[in-house]
Visitor: 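Got a structure here, written out as structure tokens. Questions coming.
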Amino acid sequence: MSEGAAATKVTGEPEPASARPSRVRNFDPLKPPTDKPQSYYDDIKKKFAEERDVRLGYRPEGKAQYITDLEKDAALAKYEIDPFAEPFRERAPITDFVEVLCIGGGFSALLTAARLRERGVESIRIVERGADVGGTWYWNRYPGIACDTPSYDYIPLLDEMGKVPPRYYASGPEIYAHCQEIAKKYDLYRLAVFQTTVTSTTWDETRKLWRVRTDRGDDMTARFVVIANGTLSQPKLSRIDGMEDFKGHSFHTSRFDYQYTGQNLENLKDKVVGIIGTGASAVQIIPRVGAAAKELYVFQRTPSAIDFRDDVETDPDWAASLTPGWQRERRMTHMRGPQRTEDEKAALAALDREEKIRRQENLNIEHMMRIHRRVDEIVKDKATAEALKPWYMHRCKRPTYDDVYLPTYNRPNVHLVHTDGKGINKITGKGPVFEGKEYPLDLLIYATGFVVQKTGIYNEIRGVGGLELNDKYKDGMRTVFGIHSTGYPNLFIMGGYQASFQFNLTFMLQTQADHIAECVKYVRDHGHTTIDAAADTEQWWVDEVIRNRGRTNRNKECTPGYYNFEGEDQKRQDGNYNGTFLQYFEHMTHVRGNIAQHFDFG
């Protein structure tokens, strides 16, 4: 099947690619080169660099271009208010003890808690800022929300839950319901505390416990703490002069206000709507709002790369053929990746580093030029089409997969305001202003994303000796697998930096959850009280992260985004582990197999 062809069924096991093209872009350097001269690729790379420099020139301040502490600003605090929760109810402060406390209620917490339950841990509490479990799938309920990773890979614990998803891609409500089902199956609601934000997590050296305080006056203690509130959970806003003066209605995408729009957006039929941002959330929202609103103005700084989606129903015969363990085997097959022949291994070894990089970059450019051609094939207005073309390498920014986004710009009521890297820098009482033109709006939706966190959100974490975790990290992050940090016994951080970065995040989180559950089990089974990463093990992992980073100038060459800290320079260890996912998994497995050598126990 050609790359752009539509699939009709999802069949074959374990790889759905037998029925449709793979979403994985490895850019194999052994792939035969095209007949294009190298100058063709060099010219496009030059264009990529020019576009990056435009963005950096307009917003050189990096992450500081965003407002992140919304709650501390009286005029902006409304953008963090939960529109889905029941009215806030006062309750008595909680001062009890639990064995394991998970800060956050998304997949990180659910997967870890499930594995701990399977190993006999009964006292598990989830403390969650929202009013239910679900994490990102609780907060993000905007119209059109769905996952960009195949459901058979993304939705975890399918074997354990006895489920096969009905479609290749799962919708947001389906995933949210799955989170609730996990919490019910593993009895995680019993001790859970919702509408509660952890504000401090402090190690009590005398009692060998963590003291956890919240904004509800709670003063709980726990033997083990799992920081599971995600790296992209706190909404942010761009710094735009006058945003507090806007007289119309406004909200952030993660707080979608259906009371204003109507559950099916029916209230927008006589409204002029603006959306600031064209990232992953906006790509899914814009087609739905465009179809419902009187007029829609999309304010774009940098376009997303829009690949085909071709969602299909699950083949019932394939689903019926699955045997126990099918999801794990499928995921492990993806982790192991393509298996090379001896001849291929020899050919790869014969290529020097520069040649490998050159070939991979050329294939990356070919992929992005196919994205460009797709824009030209779909969008009728040529100026709009040009503005929608992304000029950067694949995965410099999060790739998106959608079949209705680009056609939306053919609607007469949808207007793209391309700011060519500048962004909107002024909002009046009527609406945004760009290059002297004011755009009066009834509704303004901020699709401006989330704060990228290195440690706990809203939470001050103090370990042995009272050292705050951010202070430890100020000269460079120091962890083991992104999970443990020496001096913070019985503390586990999930989904953070120095871990493996995977587009299918839940699989990576599952490997971390399995690791954490095994560590806790070891402590309990061997009569220990604490587990803390040995200093030499921490140094080994920091060195391993550094060794696998900085092999190319990819981050610096990318257009600014949250993948590269908005273009800010970072210490080499402050980022993801860039070895393969299989290497990351094998490192964790090896360390657990020799756990007494790598951890200090008390």
Side-chain angles (χ1 to χ4, degrees), residues 62-64 68 103-104 108 200-203 210 225-234 450-502 505 508-509 511-512 515-516 519 531-556 558 561-581 583-585 587-588 591 598-600:
K63 297 193 295 295
T68 56
I103 302 174
S108 293
S200 68
T201 304
T202 306
W203 178 247
W210 284 99
V225 169
V226 181
I227 306 295
N229 39 17
T231 54
L232 293 171
S233 299
Q234 184 180 4
F450 302 88
V451 182
V452 179
Q453 298 288 336
K454 289 184 179 180
T455 61
I457 302 170
Y458 315 105
N459 180 14
E460 182 181 82
I461 303 170
R462 293 190 177 275
V464 174
L467 181 63
E468 209 280 325
L469 190 54
N470 283 304
D471 288 337
K472 177 179 176 177
Y473 287 174
K474 68 181 179 181
D475 294 322
M477 292 188 67
R478 300 189 64 81
T479 78
V480 179
F481 308 135
I483 299 173
H484 315 267
S485 192
T486 304
Y488 298 81
N490 293 4
L491 183 80
F492 308 96
I493 300 174
M494 298 190 69
Y497 289 115
Q498 294 199 347
S500 179
F501 173 79
Q502 296 300 314
L505 178 61
M508 196 282 293
L509 294 177
T511 65
Q512 290 191 329
H515 173 84
I516 292 167
C519 288
I531 178 173
D532 195 9
D536 56 349
T537 300
E538 183 180 78
Q539 185 60 53
W540 160 74
W541 187 247
V542 169
D543 292 342
E544 186 70 11
V545 170
I546 291 172
R547 188 174 67 84
N548 282 278
R549 285 177 61 80
R551 293 180 174 181
T552 70
N553 292 321
R554 176 69 181 271
N555 270 1
K556 288 188 176 182
C558 275
Y562 72 84
Y563 279 9
N564 68 345
F565 304 93
E566 300 296 337
E568 289 184 357
D569 286 333
Q570 296 291 319
K571 297 179 179 64
R572 290 183 67 195
Q573 67 211 64
D574 287 4
N576 299 112
Y577 169 67
N578 286 348
T580 68
F581 189 18
Q583 288 173 318
Y584 181 74
F585 176 78
H587 281 313
M588 284 199 294
V591 165
H598 294 284
F599 292 91
D600 297 326

Visitor: Among Ile483, Leu469, Thr479, whose side-chain contact (heavy atoms from CB on, under 4.5 Å) with Ile493 holds?
Guide: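 Of Ile483, Leu469, Thr479, side-chain contact (heavy atoms from CB on, under 4.5 Å) with Ile493 is met by Leu469 alone.
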Visitor: Please report whether the ring centroid of His515 lies less than 6.0 Å from that of His484.
Guide: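 Ring centres of His515 and His484 closer than 6.0 Å.
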Visitor: Please tell me if the side chains of Val226 and Met494 come closer than 4.5 Å, counting only heavy atoms from C-beta onward.
Guide: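 Touching, per the 4.5 Å side-chain cut-off.
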Visitor: Quick one: pull up CZ in Arg547 and OH in Tyr577 and give me the separation to the nearest 0.5 Å.
Guide: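 So the CZ of Arg547 and the OH of Tyr577 are separated by 6.5 Å.
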Visitor: Which value, rounded to the nearest 0.5 Å, describes the distance between Phe501 atom CZ and Asn578 atom CG?
Guide: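 It is 10.0 Å, given to the nearest 0.5 Å.
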Visitor: Main chain of Thr486, side chain of Arg478: is a donor-acceptor contact present, judged purely on distance under 3.5 Å?
Guide: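 No, the answer is negative, given that no donor and acceptor are paired below the 3.5 Å cut-off.
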Visitor: Answer whether the closest heavy-atom distance between the side chains of Gln573 and Arg549 falls below 4.5 Å.
Guide: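 The answer is no; the side chains never approach within 4.5 Å.
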Visitor: If you compare all heavy atoms of Ile531 against all heavy atoms of Cys519, which two are closest, and at what distance to 0.1 Å?
Guide: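 Looking at all heavy atoms of both residues, the shortest contact is CD1-CB, 4.0 Å.
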Visitor: Flag the pair Ser200 / Arg462 as yes when at least one side-chain heavy-atom distance between them is below 4.5 Å, and no otherwise.
Guide: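 No. Closest side-chain heavy atoms not under 4.5 Å.
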Visitor: Between the main-chain N or O of Gly463 and the side-chain N or O of Trp210, is there a donor-acceptor pair closer than 3.5 Å?
Guide: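 Flag not set: sc Trp210 to bb Gly463 has no pair under 3.5 Å.
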Visitor: Do Val545 and Met477 touch side chain to side chain, with heavy atoms closer than 4.5 Å?
Guide: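 They are not in side-chain contact.
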Visitor: Is a side-chain donor or acceptor of Asp574 paired with a backbone partner of Gly476 at a separation under 3.5 angstrom?
Guide: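 Absent.
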Visitor: Once rounded to the nearest 0.5 Å, what's the spacing between atom CD of Gln498 and atom CG of Asn548?
Guide: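 Reported value, rounded in 0.5 Å steps: 11.5 Å.
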Visitor: Tell me, do Asn459 and Ile227 make a side-chain contact under 4.5 Å, heavy atoms counted?
Guide: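 Touching, per the 4.5 Å side-chain cut-off.
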Visitor: Could you give the distance from CG (Leu491) to CG (Asp532), rounded to the nearest 0.5 Å?
Guide: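 Taking CG in Leu491 and CG in Asp532, the distance rounds to 9.5 Å.
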Visitor: Suppose we call two aromatic rings close when their centres sit under 6.0 Å apart. Are Phe481 and Trp541 close by that rule?
Guide: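 Between Phe481 and Trp541, the centre distance is under 6.0 Å.
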Visitor: Okay, side chain of Asn576, backbone of Ser500: is any donor-acceptor separation there less than 3.5 Å?
Guide: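 Judged by distance alone, no pair lies under 3.5 Å.
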Visitor: What is the distance from atom NE2 of His598 to atom CE of Met588, rounded to the nearest 0.5 Å?
Guide: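 So the NE2 of His598 and the CE of Met588 are separated by 13.5 Å.
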Visitor: Checking Tyr584 against Gln512: is there a side-chain donor and acceptor pair closer than 3.5 Å?
Guide: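 Note: Gln512 and Tyr584 side chains meet the donor-acceptor criterion.
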